[in-house]
Amino acid sequence: MRHLKLASLIAAAGFIFTSKTWLNFLHKFEPETGMLIKNAVVLFVIYLTHLIDPSVSAPHVKAAGAFLIYLAFMMIFNYQSRWIEESGSENVGDQTVDGAVYHRARENLNLSPELARLVTFVLVPFVLVFAGSRLVKNGQKLQNKA
């Protein structure tokens, strides 16, 4: 049941935080402010996962450190800044997990933009988290005992 709750939380987050309403809300802000708001929401969702599944550690100082390291990796490998277009490599912007899934949903499945959004940000994350949490739970806990 925990696997289903956790996957449902992620699917709900995907539904809410990729909606036109949310994106239009973020659009009002400068890049730095929008980034801070998004990252605060990410930490909040991580905290909610702890409430749903106590085997997921609650955010703490080590989690904040890991999050900063994650942000550094995302800066390097997410390829979503204007620099990608300015470098003449527009196609690289779609070579992210969401970019590739959305592209296939639109091109191969001929889905509308809204249905492709739901497949990309709701259905696929639900399946990934459900399967991944089952693998993790049946093997090793997500907690750090140190």
Do V42 and M35 share a hydrophobic cluster (ILVMFWY, side-chain heavy atoms under 4.5 Å, transitive)? no

Reported NZ-to-NE2 distance for the pair K20 and H27, which is rounded to 0.5 angstrom: 13.5 Å

Would L23 end up clustered with I16 when hydrophobic side chains under 4.5 Å apart are linked, directly or stepwise? yes

Got a second to check how far E90's CD is from E85's CD, nearest 0.5 Å? 6.0 Å

Parallel, tilted or perpendicular, as decided by the 30° and 60° cut-offs, for the rings of F29 and F25: perpendicular

Gap between atom CG of L118 and atom CZ of F126 - 0.5 Å precision: 14.0 Å

Are the side chains of L48 and L51 in touch, meaning some heavy atoms are under 4.5 Å apart? yes

Can you pull the side-chain hydrogen bond (donor to acceptor under 3.5 Å, both in side chains) pairs that have at least one residue in residues 97-120, sequence neighbours excluded? T18-R117, T96-D98, R104-N108, E114-R117

Under the criterion side chain to side chain contact (heavy atoms under 4.5 Å, CB included), I'd like the reasoning laid out for W22 against I37: C-alpha separation, chi angles, the key distance, then a yes or no. CA-CA 11 Å; W22 173 253; I37 292 168; 3.8 Å; yes

Mind checking whether V97 and L123 sit in one hydrophobic cluster, side chains of I, L, V, M, F, W, Y counted as touching below 4.5 Å? no

Between V45 and F17, does a side chain to side chain contact (heavy atoms under 4.5 Å, CB included) hold up when you go through it step by step? CA-CA 11 Å; V45 171; F17 297 113; 4.2 Å; yes

Check whether more than 12 heavy atoms from other residues, nucleotides or ligands sit under 6.0 Å from atom CE of M75, and answer yes or no. no

Please answer: with hydrophobic residues joined when any side-chain heavy atoms are less than 4.5 Å apart, are L71 and L36 in the same cluster? no

Would you say that L26 contacts K38 through its side chain, given a criterion of any heavy-atom pair below 4.5 Å between the two side chains? yes

Which of parallel (below 30°), tilted (30 to 60°) and perpendicular (above 60°) describes F73 and F77? parallel

For F15, I'd like to know if atom CZ has over 12 heavy atoms of other residues, nucleotides or ligands within 6.0 Å. no

Looking at CH2 of W83 and OG of S89, how far apart are the two atoms once the value is rounded to the nearest 0.5 Å? 8.0 Å

Side-chain heavy atoms nearer than 4.5 Å, only ILVMFWY residues, links allowed to pass through others: does that put F121 and L109 together? no

Which heavy-atom pair separates I10 from P125 by the least distance, and what is that distance? CG2-CB, 3.7 Å

Answer whether the closest heavy-atom distance between the side chains of F130 and L6 falls below 4.5 Å. no

Measure the spacing between CG of L4 and OG of S133 and express it to the nearest 0.5 Å. 9.0 Å

Once rounded to the nearest 0.5 Å, what's the spacing between atom CZ of F44 and atom OG1 of T49? 11.0 Å

